[in-house]
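Okay, structure first, notes after.
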Amino acid sequence: MKTVDRLDRNNIPKHIAIIMDGNGRWAAKHGKPRVMGHENGVESVRAVVEGAGEIGVKHLTLYAFSTENWDRPKAEVEALMALLVHAIEAETQELNKNNVRLSVIGCVDVMPENVQAKLQGCVDALQNNTGLNLVLALSYSGRWDVLNAVKKLAGDLANNKITQEKINNELFQNYLSTAELPDPELMIRTSGEFRISNFLLWQIAYSELYFTNKLWPDFRKEDLFEAIIDYQNRERRFGKTSEQLTS
Ligand code: IPE
Ligand code: IPE
Ligand code: MG
């Protein structure tokens, strides 16, 4: 039986977030420079975007570059920025054909201007599509997101746009970069690391976490489907007892 046929089509997560990790180790394993790992990771992005679209996932958030990744060697950062521009140029048409929409979360203002322009061009080109919403987390960190939200909220408080009593989960959520998105039901990390590395922090309060040893450039559709099948076999209790859920 094919992996895709083992999926429960009535329980597909609406939002999946992925920490795409292990490009450098993949390259080392193949005796190649790190950047080749990143290049090969693009094929995995293509595969999961296609797979997620096929089974009706609504939002797919990919952690592509963290706030902390700016501290990598200058040559690697430059190579990643160049790769991003190249990938956007190469993929926009295919994404459009697949009815994919693109969004970006993160502190994009600090990205090189040519990268910002390319990203915006791609977002604009795909804005009317109604299929999968591909969310790229770029120059992103969970703490940046929360602090950015707090700054905006503090501004609205100072301008009397809101009052302190109005602050609750729903209101706060609207100040985050993910305001338009439901919280991810499933978060995947590749490469055998068991950490969040400052990805979505507020948003994953109740996400199911899935870790795999696969290195990102080896990750394919079937791996995405396996992760979803694993998710589908979990009991999400949200603090309640198992008995409460089944009665
Ligand atoms: C993930 O792969 C890609 C980015 C963080 C940009 P890494 O480059 O972190 O690969 P490893 O962890 O060194 O193997
Ligand atoms: C997390 O991977 C960031 C992205 C995948 C973009 P890292 O490789 O940067 O994380 P750490 O440093 O190992 O925690
Ligand atoms: Mg890494």
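We count ligands from 1, going down the list as the structure has it; atoms in each ligand are counted the same way. The figures here come from the full heavy-atom set of this structure, side chains too, leaving out hydrogens, waters and symmetry mates.
- A salt bridge is absent between Asp156 and Lys152: the closest approach of a Lys/Arg side-chain nitrogen to an acidic carboxylate oxygen does not fall below 4.0 angstrom.
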Pair Lys221-Val48, side-chain contact (heavy atoms from CB on, under 4.5 Å): steps then yes or no: CA-CA 5 Å; Lys221 258 188 225 191; Val48 294; over 6 Å; no
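- Protein heavy atom at the shortest distance from atom 6 (C) of ligand 2 is Tyr63 O, 3.3 Å.
- In terms of polar-atom proximity, Asn69 is not counted as a contact of ligand 1, lacking any N or O under 3.5 Å from an N or O of the ligand.
- Distances from atom 14 (O) of ligand 2 to the protein include at least one heavy-atom value under 4.0 Å.
- The distance from ligand 1 to the heavy atoms of Ala64 drops below 4.0 Å at these ligand atoms: 6 (C).
- The nearest N/O/S atom of Asp21 to the Mg ion (ligand 3) is OD1.
- A salt bridge is defined here as a Lys NZ or Arg NE, NH1 or NH2 lying under 4.0 Å from an Asp or Glu carboxylate O, and Glu222 with Arg220 fails to meet this definition.
- Under a 4.0 Å heavy-atom criterion, Ser191 is not in contact with ligand 1.
- Side chains of Tyr231 and Ile16 form no contact here, defined as non-hydrogen atoms less than 4.5 Å apart.
- Geometrically, ligand 2 and Ser66 share no nitrogen or oxygen pair separated by less than 3.5 Å.
- Within a 6.0 Å radius of CD in Gln93, no more than 12 heavy atoms belonging to other residues, nucleotides or ligands are found.
- When heavy-atom distances to ligand 2 are checked against a 4.0 Å cut-off, Phe199 has no atom that comes that close, whether in backbone or side chain.
- With hydrogens and angles disregarded, a donor-acceptor distance shorter than 3.5 Å links the side chain of Asp145 to the backbone of Ser177.
- Remark: the Asn99 side chain and the Thr130 side chain contain an N/O donor-acceptor pair separated by less than 3.5 Å.
- At the top of the distance list for atom 2 (O) of ligand 2, counting protein heavy atoms only, stands Arg189 NH2, 3.7 Å.
- Heavy-atom contacts from other residues, nucleotides or ligands closer than 6.0 Å to CD of Glu180 number 12 or fewer.
- Regarding atom 10 (O) of ligand 1, its nearest protein heavy-atom neighbour is Gly24 N, 2.9 Å.
- Among Met111, His86, Lys118, the one residue that satisfies the side-chain contact (heavy atoms from CB on, under 4.5 Å) test with Met81 is Met111.
- Here is the list of ligand 1 atoms found below 4.0 Å of a heavy atom in His38: 3 (C), 8 (O).
- Taking all atoms of both residues into account, the shortest heavy-atom contact from Leu200 to Met187 is O-CE, 4.5 Å.
- Those atoms of ligand 2 that come under 4.0 Å of a heavy atom in Phe65, given as number and element, are 6 (C).
- The closest approach between Arg195 and ligand 2 falls below 4.0 Å for a heavy atom of the residue.
- Residue contact check for ligand 1: Arg72 places a non-hydrogen atom closer than 4.0 Å to it.
- For ligand 2, one of its N or O atoms has an N or O atom of Ser197 under 3.5 Å away.
- For residue Glu193, no N/O/S atom approaches the Mg ion (ligand 3) to within less than 2.8 Å.
- Looking only at heavy atoms of the protein, atom 3 (C) of ligand 1 is closest to Asn23 ND2, 3.5 Å.
- In summary, the atoms of ligand 1 found under 4.0 Å from a heavy atom of Met20, numbered by their order in the structure, are 1 (C), 3 (C).
- Here the two rings, on Phe238 and Tyr206, have centers that are under 6.0 Å apart.
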